[in-house]
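Working notes, beginning with the structure itself.
Along the sequence shown, the residues carry numbers beginning at 1. We use all heavy atoms of the structure for the numbers below, so side chains are in, but hydrogens, waters and symmetry mates are not.
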Amino acid sequence: MPSFTKPPGSAFKLHRRTFPLRFRGSGSSVYRCPFRRCGNYQRHRHRHSGMAKPPRHTLTMPSAHPRGIPTRAIPRAAAALFFVTLVGVALPLAVLHRAAVSRHSLEDPWGRYPLPLFAVDDEESAQGDDDLKASMRDNTVILTTLNAAWASPGSVIDLFVDSFHSGVRTSSLLNHLVIIAFDGDAYRQCAKIHHYCFALGTEGVDFSEEKRFLTSGYLEMMWKRLDFLRLVLEKGYSFIFSDADIMWFRNPFPHFYPNGDLQIACDHYVGNATDLRNIANGGFNYVKSNERTIEFYSFWYSSRLRYPGYHDQDVFNAIKHDPYVADIGLEIKFLSTAYFGGFCEPSRDLNKVCTMHANCCIGLRSKIHDLRIMMEDWKNYLSLPPSLKRLLTLSWRVPQNCSLSSLN
């Protein structure tokens, strides 16, 4: 997809109506503007994409049919083209509606394992129930991603799930968690420990090994993830996305803002939820599905071409200042590290902490080591009587192997 910037002038306005969701394949280079008045924007994008816009006569059908082509052939060809497009693009996306593992299987995109479909039971299908089973009443779902390197027994994913069981009012949230598996090994391990797993394969790409920070494999996996989240929004589902190296200690919903299209955690929080100087961390965010967030995620994904070699988080921290984001009306809220902390900037008060992220940490072994210590600290805190929890000033013993000095 070509890069773009905000078009000159006010090319469109928001229309507060039910947004008709549109879909495109995750590898597609076709961008569909979700607003009514997008003519100026589309022409602007052609001017900046490096591609010449075709002459007008090539875009319109001639009034008379060429010789040798029957009059009825064109409608038949159009119908055939529509059917092929429907099967090739819309059908694969339809599995996102389903989140209970079926006994049926898809053709294995990795060439090794049969991958179950996500399908509701036959009775629900007959009633036309098209809801994602893991979603809450307001169509919100919790998502995380997983590859084989983080899926082995005793590794990151086990600690992640354990944190839900050990947290305060978090165990029930597992009913709304969908684990997105990047490879066959990750999917098989997910099926052993959790009831909602989704296979997201990429033909010709192996995401199973550990992806070191900012390597080409890491970048490709991060952008694949972002484009998938865009599709979730287009399907009408809001989501909390959480990296699997984030431990959930308390239910985060009471600490989200009632307004805000996109609420995102921070590596560094300056004290104001709307201050763009906050350094966002893409590993944890709460996003409501609406026309503004769908448009922003498309803009965010396409901006990878403007910032080659950067991952999604760095690109977010660049484009949050772009006037185009204000033009579409997106409201961003930055979450305080007092509740949503990490190794970069820990949540100091264990009586308040909701989540802790093993960020600012390079290397899987170091990450697992410090996550285990973090979980020990949390369980020791829970074992204290309520009076001591309030009186004692407790602190984490981490980071250790994830020391920030190793990043400098």
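- Note that CG of L335 and CD of Q263 are 5.5 Å apart. Values are rounded to the nearest 0.5 Å.
- Interatomic distance, OH of Y187 versus CD1 of I180, reported as 10.5 Å (0.5 Å rounding).
- Remark: the backbone N or O of A265 is not paired with any side-chain donor or acceptor of H357 at under 3.5 angstrom.
- F256 pairs by the ring-ring contact (aromatic ring centres under 6.0 Å, His included) definition with F253, Y286, F340, not counting sequence neighbours.
- Looking only at atom types and distance, the side chain of N401 has no donor-acceptor partner in the side chain of D370 under 3.5 Å away.
- N317 and N278 get closest at one heavy-atom pair: OD1-O, 3.9 Å.
- Look at D322 and R306 and you find a salt bridge, because one of the NZ, NE, NH1 or NH2 atoms lies within 4.0 Å of a carboxylate O, short of that distance.
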**Asked** Going through the checks in order, is the side-chain contact (heavy atoms from CB on, under 4.5 Å) test met by L226 and F316?
**Response** CA-CA 11 Å; L226 185 78; F316 177 92; over 6 Å; no
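- In plain terms, the two heavy atoms of A151 and I157 that are nearest each other are CA-CG2, 3.8 Å.
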**Message:** Apply side-chain contact (heavy atoms from CB on, under 4.5 Å) to residues F249 and V168 and explain how you reach the verdict.
**Reply:** CA-CA 6 Å; F249 297 130; V168 178; over 6 Å; no
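- Using bins of under 30°, 30° to 60° and over 60° for the plane-to-plane angle, the ring pair F296/W300 lands in the tilted bin.
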**Asked** Please walk me through it: do D138 and K288 pass salt bridge (Lys or Arg N to Asp or Glu O under 4.0 Å)?
**Response** CA-CA 10 Å; D138 63 350; K288 297 176 182 177; over 6 Å; no
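- Looking at residues two or more places apart in sequence or on another chain, you find no ring-ring contact (aromatic ring centres under 6.0 Å, His included) involving F334.
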**Prompt:** For N351 and Y381, what are the C-alpha separation, side-chain angles and deciding distance, and is it a side-chain hydrogen bond (donor to acceptor under 3.5 Å, both in side chains)?
**Reply:** CA-CA 9 Å; N351 292 304; Y381 162 80; 2.6 Å; yes
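- The environment of NZ in K389 is crowded: more than 12 heavy-atom neighbours from other residues, nucleotides or ligands sit within 6.0 Å.
- W223 and Y301 have perpendicular rings, their planes meeting at more than 60° on a 0 to 90° scale where under 30° would count as parallel.
- At least one side-chain heavy atom of L276 sits under 4.5 Å from a side-chain heavy atom of H321.
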**Request:** Show the numbers, then the answer: is there a side-chain contact (heavy atoms from CB on, under 4.5 Å) between I373 and W396?
**Result:** CA-CA 9 Å; I373 294 175; W396 304 102; over 6 Å; no
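- The pair E376-R372 does not count as a salt bridge, with every side-chain nitrogen at least 4.0 angstrom from each carboxylate oxygen.
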**Message:** Determine whether C360 and C402 satisfy the following criterion, disulfide (SG to SG under 2.5 Å), listing intermediate values before the conclusion.
**Reply:** CA-CA 7 Å; C360 292; C402 292; over 6 Å; no
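- Not counting sequence neighbours, C354 has no partner by the disulfide bond (SG atoms under 2.5 Å apart) test.
- Taking CG of D158 as the reference point, atom CH2 of W150 lies at 13.5 Å (rounded to 0.5 Å).
- With sequence neighbours excluded, no residue forms a ring-ring contact (aromatic ring centres under 6.0 Å, His included) with F239.
- Looking at E345, its side chain does come within 3.5 Å of a backbone N or O of Y269 through a donor-acceptor pair.
- Formation of a donor-acceptor pair under 3.5 Å by the S163 side chain with backbone atoms of M247 is not found in this model.
- Listed by chain and number, the residues in a salt bridge (Lys or Arg N to Asp or Glu O under 4.0 Å) with K320 amount to none (sequence neighbours excluded).
- Across all non-hydrogen atoms, the minimal contact from I368 to S155 is CD1-OG, 3.4 Å.
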**Request:** Tell me, with the steps shown, if M356 and W378 meet side-chain contact (heavy atoms from CB on, under 4.5 Å).
**Result:** CA-CA 11 Å; M356 273 283 286; W378 175 252; over 6 Å; no
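- Not one N or O on the side chain of K352 forms a donor-acceptor pair closer than 3.5 Å with the backbone of S347.
- Taken from CG in L173 to CD1 in I142, the straight-line distance is 4.5 Å, to the nearest 0.5 Å.
- Inter-residue side-chain proximity for Y237 and V232 is flagged as met; some heavy-atom pair is nearer than 4.5 Å.
- Residues I246 and T355 approach most closely at CG2-CB, 3.6 Å, considering heavy atoms.
- Taking each heavy atom of A244 and T145 in turn, the nearest pair found is CB-O, 4.0 Å.
- Taking the ring-ring contact (aromatic ring centres under 6.0 Å, His included) definition, one finds that F241 meets it with nothing, sequence neighbours left out.
- Considering only heavy atoms from C-beta on, L262 comes within 4.5 Å of Y297 through its side chain.
- For the pair L233/R230, no side-chain contact is recorded, criterion being any heavy-atom separation below 4.5 Å from C-beta on.
- Here W248 and F284 bring their ring centres to under 6.0 angstrom of each other.
- Checked by atom type and distance alone, the side chain of N359 pairs as donor or acceptor with a backbone atom of C344 at under 3.5 Å.
- In this structure, the separation between CG on D377 and OG on S395 is 8.0 Å, given to the nearest 0.5 Å.
- Put simply, the side chain of H165 reaches to within 4.5 Å of the side chain of L174, judged on heavy atoms.
- Taking the side chain as every heavy atom from C-beta outward, I264 and N281 never approach each other to under 4.5 Å.
- When all heavy atoms are compared, the tightest approach of S242 to T144 is O-OG1, 2.6 Å.
- Taking CG from L146 and CG from L200, the interatomic distance works out to 12.0 Å, rounded to the nearest 0.5 Å.
- Of the charged side-chain nitrogens involved, at least one lies within less than 4.0 Å of a carboxylate oxygen, so that D162 and K379 count as a salt-bridged pair.
- Within the 3.5 Å criterion, the main-chain N or O of I294 finds a donor-acceptor partner in the side chain of S298.
- Counting heavy atoms from C-beta outward, H176 and T140 have side chains that stay 4.5 Å or more apart.
- In this structure the side chain of Q189 never reaches within 4.5 angstrom of the side chain of S152, judged on heavy atoms.
- In R348, the CZ atom is not crowded: 12 or fewer heavy atoms of neighbouring residues, nucleotides or ligands sit closer than 6.0 Å.
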